[in-house]
Amino acid sequence: MTDHEARPTAERDRAHAATDDSPPGAAQQDNGAQVSQDVTPAAANDAPIPELVIISGMSGAGRSTAAKCLEDLGWFVVDNLPPALIPTMVELGARSQGNVARIAVVVDVRGRRFFDNLRESLADLDSRGVTRRIVFLESSEDALVRRFESVRRPHPLQGDGRIVDGIAAERELLRELRGDADLVIDTSSLNVHELRAKMDAQFAGEEEPELRATVMSFGFKYGLPVDADLVADMRFLPNPHWVPELRPFTGVNEEVASYVFNQPGAKEFLDRYAELLRLIAAGYRREGKRYVTIAIGCTGGKHRSVAMSEKLAARLAAEGVETVVVHRDMGRE
């Protein structure tokens, strides 16, 4: 999933070809593209505004794979577009009379001299009522180092230092953008096909649901999920691991689930946490956040967290939230 330094030029050629229609007085940029000084489309006031997805994240985390997946789903994809040109790209899509209804833009540190313009561009898009989402590809330091070493390429920000120095610099540079992301995907343990499956699950539908939730069980001894929005700890409940007849089974087993939910506080936690999630979900919808990852942890990610994740996911699904259950560490012991 290592990002290629150069994507096929078809997307760039199409983007450049589209700029040939720029009105007189457009400003000439260093890369040859023409950019209108006034990006308010006078001739396209009634034209539909394209949907926009901005793909960013760590180098080596799979940005190119995510972009290619959207391209296969019919999105118009532009790789490594300077952030200052994103509003212009949306304008050109609006002028296409519906032929370019969905645009995906890859923004990364190769364009770091333009990166400071990203927030200004996002504010511009918000003022125009553009529906935009940010997808952030994350990965652990160990996974990124292995990927760069496997292709024998330097990290774009390492300079004269080591790969880990470049990774640290990039992570700091992207920290604020990660916090603003609508969807964070941790690719540390994903292969190309698994990443594509995640992207398909989020973007392949005909109609976009109001909110999608991933409920993930995990084991604290294996580390916190880096893409979790919310984390709950089930270690306040007795551990079925210490019940010999339950130890071999997991939280999806009826006997284990019954044991967990017969413990004091288990049902009360489920009821109150589901109520809290209803409040949070309403706020997410108001703020335009479409994806949430809820992590439920116990010691090993086998019994308590699995049982609670299954019940919580069923509650959310019954309330109309499109829900996926993932048991990250089940079977790992």
Side-chain angles (χ1 to χ4, degrees), residues 1 55-58 60-63 65-66 133-147 167 170-171 174-175 177-202 211-237 239 250-252 260 269-270 273-274 276-277 280-281 284 289-317 321-333:
M1 283 185 297
I55 300 173
S56 191
M58 300 297 294
R63 292 185 309 244
T65 298
R133 286 167 285 172
I134 299 175
V135 176
F136 192 95
L137 281 300
E138 175 67 275
S139 196
S140 68
E141 180 177 291
D142 289 345
L144 294 175
V145 169
R146 287 196 304 271
R147 291 169 190 171
I167 292 172
E170 184 178 36
R171 203 178 294 280
L174 298 177
R175 187 178 303 279
L177 180 61
R178 187 192 188 283
D180 291 338
D182 298 282
L183 175 63
V184 177
I185 300 178
D186 179 16
T187 68
S188 302
S189 59
L190 300 182
N191 59 36
V192 172
H193 305 293
E194 291 168 333
L195 175 55
R196 289 184 65 91
K198 280 184 172 287
M199 292 294 294
D200 284 341
Q202 299 295 343
L211 184 67
R212 283 189 174 120
T214 297
V215 180
M216 177 189 299
S217 69
F218 73 96
F220 278 97
K221 70 180 182 179
Y222 300 115
L224 286 168
V226 299
D227 53 347
D229 297 295
L230 303 167
V231 177
D233 186 353
M234 295 298 101
R235 291 176 294 183
F236 72 94
L237 298 172
N239 192 347
T250 70
V252 297
V260 170
F269 172 85
L270 177 62
Y273 197 57
L276 177 62
L277 290 177
I280 294 173
Y284 279 165
K289 184 175 175 67
R290 298 167 183 258
Y291 314 101
V292 59
T293 298
I294 305 161
I296 309 293
C298 62
T299 303
K302 178 180 179 180
H303 296 114
R304 294 164 290 180
S305 63
V306 172
M308 187 63 69
S309 294
E310 291 284 339
K311 291 286 188 181
L312 182 61
R315 287 280 187 97
L316 294 175
V321 178
E322 186 172 329
T323 308
V324 175
V325 185
V326 177
H327 299 304
R328 191 192 73 174
D329 299 322
M330 190 172 71
R332 190 170 178 175
E333 75 285 346

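Everything numeric in this text was worked out from a predicted model, so none of it was measured.
Contact check for Leu144 versus Arg171: side-chain heavy atoms found under the 4.5 Å cut-off. Using a 4.5 Å heavy-atom threshold, the side chains of Glu141 and Met58 count as separate. A heavy-atom distance below 4.5 Å is found between the side chains of Phe269 and Met234. Using a 4.5 Å cut-off on side-chain heavy atoms (C-beta onward), Thr65 and Thr187 make no contact. The shortest distance between side-chain heavy atoms of Asn239 and His303 falls below 4.5 Å. The closest side-chain heavy-atom distance from Val292 to Leu277 is not below 4.5 Å. Within the 4.5 Å cutoff, side-chain heavy atoms of Leu137 are placed close to those of Leu195.
Among all heavy-atom pairs drawn from Ile185 and Met199, the shortest one is CD1-SD, 3.9 Å. Between Ser56 and Arg63, the closest heavy-atom pair is C-CD, 3.7 Å. In this structure, Val321 and Ala213 approach most closely via the heavy-atom pair CG1-CB, 3.8 Å. Counting all heavy atoms, side chain and backbone alike, Thr323 lies closest to Ala317 at OG1-N, 3.7 Å. Minimum interatomic distance between Ser309 and His327 (heavy atoms only, all atoms of both residues): CB-CE1, 4.2 Å. Between Val325 and Ala313, the shortest heavy-atom contact is CG2-CB, 3.2 Å.
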Before you tell me yes or no, could you show the steps for Thr293 and Val184 under side chain to side chain contact (heavy atoms under 4.5 Å, CB included), namely the whole-Å CA-CA distance, both residues' side-chain angles and the distance that decides it to 0.1 Å? CA-CA 9 Å; Thr293 298; Val184 177; over 6 Å; no
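A search for side-chain hydrogen bond (donor to acceptor under 3.5 Å, both in side chains) contacts involving Arg328 returns nothing, not counting sequence neighbours. Asp186 is linked by a salt bridge (charged side-chain N to carboxylate O under 4.0 Å, His left out) to nothing, counting only residues two or more places apart in sequence or in another chain. Applying the side-chain hydrogen bond (donor to acceptor under 3.5 Å, both in side chains) rule to Thr299 yields the partners Arg304; only residues at least two apart in sequence or on another chain are considered. Legend: residues meeting salt bridge (charged side-chain N to carboxylate O under 4.0 Å, His left out) with Arg235, ordered by chain and number and at least two apart, are Asp233. Among residues two or more places apart in sequence or in another chain, the side-chain contact (heavy atoms from CB on, under 4.5 Å) test is passed with Ser305 by Ser217, Ile296, Cys298.
Interatomic distance, OG1 of Thr214 versus CD of Gln202, reported as 6.0 Å (0.5 Å rounding). Distance check: Leu270 CG to Lys311 NZ gives 8.0 Å after rounding to the nearest 0.5 Å. Distance CD1/Ile134 to CG/Asp180: 5.5 Å, rounded to 0.5 Å. Atoms OH and CD1, on Tyr273 and Ile294 in that order, are 6.0 Å from each other to the nearest 0.5 Å.
Side-chain N or O atoms of Glu310 include none that pairs as donor or acceptor with a backbone N or O of Ala307 at under 3.5 Å.
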Which donor-acceptor pairs under 3.5 Å do side chains of residues 218-227 form with protein atoms, sequence neighbours excluded?
none

